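Below: one structure, written as structure tokens.
Counting starts at 1 for both ligands and their atoms, in listed order. Predicted model, so just to flag it, every value in this text is computed and none were measured.
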Amino acid sequence: MQWKALWAGAALGLAACATVPPPAAPAASVSADANRAFAAYTEALLEDFWAEFPEFAFYAGNYRHADRMTVPDAAKRERNRAFYQRHLARLNAFDAGALSDSHRVDLVLIRNRLESNLWAQETFRAWQWQPSSYNAGSSLGPVLAREYAPLDTRLRHFLAKLAHVPAYYRAAMQNIADPTLEHTELAVIQNRGALNLLGADLAGRVESSGLSADEKALFARRLADARSAIEGYVAFLENTLARLKAGPARSFRIGAELYEQKFRFDIQSGISAADLHRLAMAEKAKHHDAMEKLARQLWPKYLGSAPMPADRLAVIRAVLDELAKRHTTADKFESTIREQIPALEKFVREKDLLDQDPTRPLLVRTMPPYMQGSGAGASISAPGPFDATAATWYNVEPLDKLPAADAESFLREYNDWMLQILNIHEAIPGHYTQLMHANKSPSKIKTLFGNGAMIEGWAVFSELVMLEAGYGDHAPEMWLTWMKWNLRSVVNTIIDYEIQTRNMSRDAALDMMIREAFQQQKEATEKWRRASFTQVQLTSYFSGYAEIRALRERERARLGKDFTVKGFNNKFLSYGNAPVRYIAELMAKEARY
Ligand code: ZN
Ligand code: ZN
């Protein structure tokens with residue numbers, strides 16, 4: 001499951017950098033002047049960021065540029081390049097040895113982000129071969145969805161943005177060269193979704209608003225122009241698709257060299273993608289051993305005296321298939337999720353696992369149309385640190401439009417046990433809780449320029465925290481289901497690497513997901529789609545989880561009787577979304593917490 005936080009659809013990808021060594025610790029030379037200068041610089045940098053990347057500002061909860069829409073043309077890329085180079089030069093002027101631990105980590109994160117964005121623009125160049133990078137809905141949609149100002153104000157912001165939609169799509173069509181079939185198909189689906197945003201519902205809201213008659217007339221004209229710009233883009237993509245289907249097309253596989261580069265920028269764990277792949281292979285074998293034990297234990301309860309197959313994977317699969325029969329229905333999927341949230345909140349409170357904040361709302365909603373179709377199923381849209389008290393949305397993809405067989409397959413995957421684990425992961429104490437803590441962190445840089453592996457790793461780790469504390473009453477069904485879920489992130493890591501760098505076929509990937517990781521057909525085919533749209537992101541779950549689990553064991557040994565689960569969790573979450581390796585360095589300096 002994906003988290004959709006500050007960066008969703010914005011001009012900036014998640015990133016971190018490889019070329020920068022981890023911060024050293026020359027505490028003797030730390031200077032108050034240098035730290036003041038650095039703090040002042042980060043403030044100035046953020047001001048610059050807001051102006052240059054208005055969509056990023058919006059996601060961060062800074063609404064000063066909410067009426068602006070970035071047109072992704074060549075002139076904009078030129079300005080971006082100058083921006084990255086200017087700020088990299090300014091960073092180089094700081095003596096890292098004179099900064100505090102926290103500022104030194106901030107410096108590394110900023111540099112990582114700048115270098116990574118420059119690499120993405122100049123080397124990776126997804127703006128040329130991923131037509132799905134372009135979707136006006138991701139700039140327009142949040143202005144209506146997030147209630148940061150009265151509706152009339154937001155409609156005026158929307159109106160101002162609408163003026164740029166035709167130029168936005170002209171730039172998109174100019175940029176696209178040698179696209180992949182997969183990203184072209186995704187772009188068609190998502191841009192059709194964006195058309196829904198500009199339909200009768202919006203026209204009705206404008207009509208009943210406080211806008212003047214002139215504004216309303218202008219709105220209607222711009223809306224019509226924006227709709228035809230999107231329709232023009234979809235038609236352009238459909239022509240492109242016909243050509244790509246008939247002849248050779250660029251592969252979505254990026255190859256080993258770009259993959260290792262992207263992995264270092266995005267994951268920032270200190271090990272290579274090839275090493276993580278080896279770790280994941282070993283973890284898969286460990287899970288199979290543990291799952292075999294649980295499945296043999298559960299066999300009589302669910303399969304009575306039926307003969308056990310010789311293949312241990314078949315034994316596990318048979319028991320999981322029985323558990324999969326217990327599930328909710330397509331029309332109750334969203335409401336079942338909504339009803340489970342209070343129980344999770346209560347369990348965390350009663351077991352004293354970490355701090356929660358009931359004043360920060362979590363709202364379960366149907367995933368907006370412009371976000372549907374990525375294959376994620378569910379996601380979290382968290383508010384940015386500059387609007388931290390706004391609602392967090394738990395987006396649930398609707399199942400009612402799916403063919404019955406697909407919906408059934410999806411529901412078997414998210415059966416009564418698995419749905420609870422999904423809710424832990426997405427909501428409490430997973431993404432929602434973590435991002436709420438991150439927004440309270442005094443370090444805005446660590447929150448804004450943070451690390452996806454830390455975020456996904458925490459969500460996965462939080463499932464372990466809950467089960468260890470007795471969530472689900474230590475039932476073997478719960479543990480077996482969790483292992484299957486955890487195996488998914490392990491296998492995500494393996495297939496992402498092998499698909500992108502070793503030409504793993506669709507059949508081989510589906511076989512590993514279905515036979516070795518016990519996934520339903522629907523889940524596996526959706527994952528294949530996602531693996532063809534994204535690179536590296538699928539490894540972030542296991543990478544972050546493995547690092548956090550190892551860190552906790554080190555801290556438990558170091559602190560001895562002073563170690564508490566709540567103390568560790570609260571402390572870990574207090575550093576914003578910094579990469580786990582830097583959090584580990586900072587935590588190790590605390591005598592206790
Ligand atoms: Zn997640
Ligand atoms: Zn069923």
Does the shortest distance from the Zn ion (ligand 1) to an N/O/S atom of Glu426 fall below 2.8 Å?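 No, outside the cut-off.
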Query - Salt bridge flag under 4.0 Å for residues Lys286 and Asp289 - result: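 A salt bridge is absent here (no side-chain N lies under 4.0 Å from a carboxylate O).
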- Query: Which single N/O/S atom of Glu456 lies at minimum distance from the Zn ion (ligand 1)?
  - Reply: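 It is OE1 of Glu456.
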Margin query: According to ring pair (Phe, Tyr, Trp, His ring centres under 6.0 Å), who are the partners of Phe263, at least two apart in sequence or on a separate chain?
Written below: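 With neighbours one apart ignored, the set is empty.
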Tell me which N, O or S atom of His327 sits nearest to the Zn ion (ligand 2).
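For His327, the N, O or S atom at the smallest distance from the Zn ion (ligand 2) is NE2.
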To make sure I understand the geometry: which N, O or S atom in Glu408 is closest to the Zn ion (ligand 2)?
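The Zn ion (ligand 2) is closest to the Glu408 atom OE2, counting only N, O or S.
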Self-check item: With Arg146 via salt bridge (charged side-chain N to carboxylate O under 4.0 Å, His left out) - residues at least two apart
Solution: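 For Arg146 there are no salt bridge (charged side-chain N to carboxylate O under 4.0 Å, His left out) partners, ignoring immediate neighbours.
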| field | Aromatic contact, Phe449 with Phe49 (centres under 6.0 Å) | value |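 Ring centres of Phe49 and Phe449 closer than 6.0 Å.
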